[in-house]
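Since the structure comes first, as structure tokens, the remarks are kept for the end.
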Amino acid sequence: MRLSSLFLPTERQPPADAEALSHQLMVRAGLIRQLGSGLWSWLPAGWRVHQKIVQIVREEIDAIGGQEMLMPVLQPAELWKRSGRYDAIGPELFKLKDRRGADMVLAMTHEEAVTVHVAQAVRSYRDLPLILYHFQTKERDEPRPRAGVLRTREFIMKDSYSFDRDPEGLQASYDRHIVAYDRIFDRLGLEWYRVESDVGMMGGSGAHEYMAPCRAGENEVALAPAYAANVEVASAEAQPVELPAGLAAAEEVTTPGLTTVEQVAARLGLPEGALLKAFPVVSERRGLVMVVVRGDHRVNEIKLQNALGEPFRPAREDEISERIGPPGFIGPVGADVPVLLDDAVVPGAYVTGANRPDTHLRGVEPGRDFPFSRADVRRVEPGDTVDGHPIRIEPAIEVGNIFKLGTRYSGPLGATYLDVNGKEQLIWMGSYGIGPARIAAAAVEQFADEKGISWPKAIAPWDVELVGLGKPGTPEFEAAEVIYRELTAIGLDVLFDDRPANPGEKFADAELLGCPLRLTIGKRALESGRIEAQVRRGLVEHEGGVPLEGTAEAVAELWRSLP
RNA sequence: CGGGGCGUAGCUCAGCCUGGUUAGAGCGCCGCGUUUGGGGCGCGGAGGUCGCCGGUUCGAAUCCGGCCGCCCCGACCA
């Protein structure tokens with residue numbers, strides 16, 4: 001490709017409203033342009049990156065037996081009513097009517113569609129297992145699109161769906177996707193990890209997410225050697241806390257106006273972890289429940305919801321005053337509500353609210369002084385340990401997820417088969433997503449430097465940017481033309497900067513766009529017989545460059561060594 | 001949905017508080033010349049319904065009201 005005829009609108013300054021690095025650089029480099037909130041166009045160079053990512057994903061899903069197909073974005077609402085998601089999802093699902101007034105939706109994923117097709121076509125156990133997938137636009141009316149292409153309302157996703165006879169078959173399909181996904185993210189050249197994740201409200205029996213660590217990430221991941229989990233579900237050993245000596249019985253202390261853990265701990269000269277924090281919540285089946293965690297810990301609402309087995313809301317102040325005690329001074333002792341005690345609260349003497357104004361209790365011992373049930377409901381903190389190793393918590397972008405659906409969709413949509421005994425059985429399903437746009441953004445975030453983007457070679461828009469100096473007609477420019485043809489002939493993707501621009505401008509643009517290798521042909525190259533070669537990652541000059549004679553061979557060899 | 005901010009040339013912004021010639025700058029763009037290994041220089045030029053609608057006023061980019069759009073933080077994210 002010749003840069004002189006490429007639609008590559010670059011900008012010297014980042015757009016005023018761009019905060020995230022990938023957002024700034026992808027716009028500046030001419031890869032993407034915004035059309036509306038959460039709506040982005042991919043310009044030619046950006047689309048090449050997207051397509052390269054798509055192709056890698058396609059190859060690896062094909063390799064585990066996936067069969068590519070395509071399903072519509074516009075769908076009858078009836079399907080979604082049958083699966084129960086039409087009402088369950090809420091305003092994130094785009095809903096519209098066709099000219100006859102029929103309810104339609106814009107699909108946010110394709111479980112319903114694919115399940116209906118399989119339900120119609122699959123009859124026998126002999127038709128299973130099956131992996132179907134497609135790359136298709138997803139529509140989600142996100143409450144808050146952000147950071148360029150990181151969180152948008154319309155995006156392309158690879159989603160595959162596995163169909164198996166039984167849970168063992170599902171596990172096998174799931175494991176095959178793990179193999180494929182691990183290979184995909186390795187090939188893409190990203191830093192990544194696979195983490196345990198929440199299965200969400202729609203049920204299912206297991207899930208992992210593929211996370212790319214980077215500053216603009218919206219998720220938090222807890223990491224230790226041989227451990228990686230989304231903070232939403234992470235569990236770890238709490239750091240120990242020094243507790244005061246026990247008392248024969250709990251006793252009152254006056255704490256006028258001290259309503260926070262910090263204030264009470266400071267007044268009593270105790271670490272915050274020597275207090276217990278009460279967090280009253282209300283759920284539909286259980287009603288009011290007092291969740292109790294160590295004073296220096298926080299409740300993890302997702303873990304709590306999973307422990308409760310149903311959604312909950314924090315109790316209102318009037319509910320607390322009425323049923324328990326004055327807000328700010330509540331505690332489990334004598335409270336007429338069930339207590340759910342966090343696993344990290346070890347036996348010992350704690351300080352709690354006394355359920356009376358301006359009063360706390362000390363020497364409170366769980367079990368002796370109040371009954372409780374147990375669950376792991378706290379958010380892990382940096383420094384907690386897993387197998388003795390302290391964890392760290394990092395931001396990351398979710399670039400893929402794999403999910404055991406079980407019979408969540410096959411049931412309501414009637415996807416069944418006849419087993420060897422002629423008995424009708426539900427099909428066991430899994431679903432597996434990958435977002436190419438997020439992968440592109442994550443790669444930008446992970447490898448960019450002060451000059452611009454530095455693509456991993458697997459997904460760079462071009463392999464090589466060839467900078468031709470001098471005007472058309474000069475020997476150095478003509479030499480660049482020759483090299484351009486040679487490199488293209490051996491199958492490299494070459495972007496030839498043949499513009500009549502100053503060298504500085506060409507170099508700056510090349511570094512902004514971030515192709516892995518830059519070759520420069522000017523008078524110097526003709527004089528020395530060596531072409532300068534700069535490796536984009538780290539802006540390293542390749543020692544001695546590459547020879548002007550036999551360039552293609554030398555470049556191909558250099559190319560293989562690049563990240 | 002709650003909080004904050006922004007909307008003036010292709011981009012980044014000034015002007016608005018305190019209304020008043022023909023609305024400005026830098027970059028980019030076009031032409032000519034020059035330069036050619038890190039966004040060089042000179043001369044000339046094009047480009048704006050000041051987001052939209054209404055109001056106040058002799059007069060509105062500027063003041064007032066409504067609407068629309070966009071960004072950030074939070075909530076949310078099957």
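Residue numbers start from 1 in every chain, and the chains themselves are labelled A, B, ... in the order their sequence lines are given, proteins ahead of strands. Computed from a prediction, not measured in an experiment: that's the story for all the values here.
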Parallel, tilted or perpendicular: rings of A:F135 and A:Y133 (30°, 60°): perpendicular
With sequence neighbours excluded, residues passing side chain to side chain donor-acceptor pair (under 3.5 Å) with A:E394: A:Y193, A:R392
In whole Å, measure the gap between the C1' atoms of B:A9 and B:C50 for me. 10 Å
In whole angstrom, give me the gap between the C1' atoms of B:C32 and B:G48. 27 Å
What interatomic distance, in whole Å, is found between C1' of B:U35 and the corresponding atom of B:G42? 11 Å
Atom P, compared across B:G51 and B:U12: separation rounded to whole Å: 14 Å
Footprint string (nucleotides 24-39 of chain B, 5' to 3'): B base within contact, S backbone only, - free, heavy atoms under 4.0 Å: --BSS------BBBBB
Using the ring pair (Phe, Tyr, Trp, His ring centres under 6.0 Å) rule, collect all pairs that involve residues 507-551 of chain A, keeping only residues at least two apart or in two chains. none
Assess the residue pair A:H177 and A:S160 against the criterion (side chain to side chain donor-acceptor pair (under 3.5 Å)); give the C-alpha distance rounded to whole Å, side-chain angles, the decisive distance to 0.1 Å, and a yes or no. CA-CA 9 Å; A:H177 275 88; A:S160 39; 3.0 Å; yes
Apply ring pair (Phe, Tyr, Trp, His ring centres under 6.0 Å) to A:F496 and list each qualifying residue two or more places apart in sequence or on a separate chain. A:F477, A:Y484
Please measure how far the P atom in B:G47 lies from the corresponding atom in B:G5, and state the result in whole Å. 37 Å
Touch class at under 4.0 angstrom, heavy-atom based, for A:P14 against every strand present: sugar-phosphate
Rounded distance in Å between the P positions of B:U62 and B:C52: 10 Å
Would you please name every residue forming a side-chain contact (heavy atoms from CB on, under 4.5 Å) with A:P475, sequence neighbours left out? A:L526
A:E191 vs A:F185 side-chain heavy atoms within contact, under 4.5 Å: no
Between B:A60 and B:C76, how far apart are the C1' atoms? Round to whole Å, please. 41 Å
Expressed as a whole number of angstroms, how long is the span from A:R33:CZ to B:G10:P? 12 Å
Can you measure A:L35 atom CG to B:G69 atom P for me and round it to whole angstrom units? 14 Å
Nearest-nucleotide check on RNA chain B, A:E218 vs A:A18; residue mapping nearer the 5' end is A:A18
Could you list the residues that satisfy side-chain contact (heavy atoms from CB on, under 4.5 Å) with A:A443, not counting sequence neighbours? A:L190, A:W455, A:P456, A:I459
Between B:U56 and B:A61 - P atom distance, rounded Å: 16 Å
Does A:Q34 put a side-chain nitrogen or oxygen below 4.0 Å from OP1 or OP2 of B:G69? no
Please state how far atom CG in A:L150 lies from atom C1' in B:C71, giving the value in whole angstrom units. 15 Å
State which residues pass salt bridge (charged side-chain N to carboxylate O under 4.0 Å, His left out) with A:R144; sequence neighbours excluded, sorted by chain then number. none
Can you list, in residue-number order, the parts of residues 441-450 of chain A that come under 4.0 Å of RNA chain B, counting heavy atoms only? none
At 4.0 Å (heavy atoms only), tell me whether A:G90 reaches a base, stays on the sugar-phosphate, or touches nothing. nothing
Between P of B:C71 and CD of A:Q24, the distance in whole Å: 14 Å
Under a 3.5 Å limit on both distances, the Watson-Crick or wobble mate of B:G7 is B:C68
Now, which nucleotide makes the Watson-Crick or G-U wobble pair with B:G39, with each of the two distances under 3.5 Å? none
Ordered by number, residues from residues 105-120 of chain A within less than 4.0 Å of RNA chain B (heavy atoms) are A:M108, A:T109
Please list, chain by chain and in numerical order, all residues satisfying side-chain contact (heavy atoms from CB on, under 4.5 Å) with A:P72, sequence neighbours excluded. none
Could I get the full list of salt bridge (charged side-chain N to carboxylate O under 4.0 Å, His left out) partners for A:K303, not counting sequence neighbours? A:D376
Using the ring of each side chain (for Trp, its six-membered ring), is A:Y174 parallel, tilted or perpendicular to A:H208, with breaks at 30° and 60°? tilted
Only one of A:R82, A:R85, A:K81, A:Q75 passes side-chain hydrogen bond (donor to acceptor under 3.5 Å, both in side chains) with A:E112; say which it is. A:R85
Are there any protein N/O atoms within less than 3.5 Å of an N/O atom in nucleotides 73-75 of chain B, and if so, which ones and at what distance?
| from | atom 1 | to | atom 2 | distance (Å) |
| --- | --- | --- | --- | --- |
| B:C73 | OP2 | A:R144 | NH1 | 3.0 |
| B:C73 | OP2 | A:R144 | NH2 | 2.5 |

A:D342 side chain to A:R378 backbone, donor-acceptor under 3.5 Å: yes
When both hydrogen-bonding distances must be under 3.5 Å and the geometry is Watson-Crick or G-U wobble, what is B:C1 paired with, if anything? B:G74
Can you tell me the base-pairing partner of B:G47? Count Watson-Crick or G-U wobble geometry only, both distances below 3.5 Å, and say none if there is no partner. none
More than 12 foreign heavy atoms under 6.0 Å from CG of A:L35: is that the case here? no
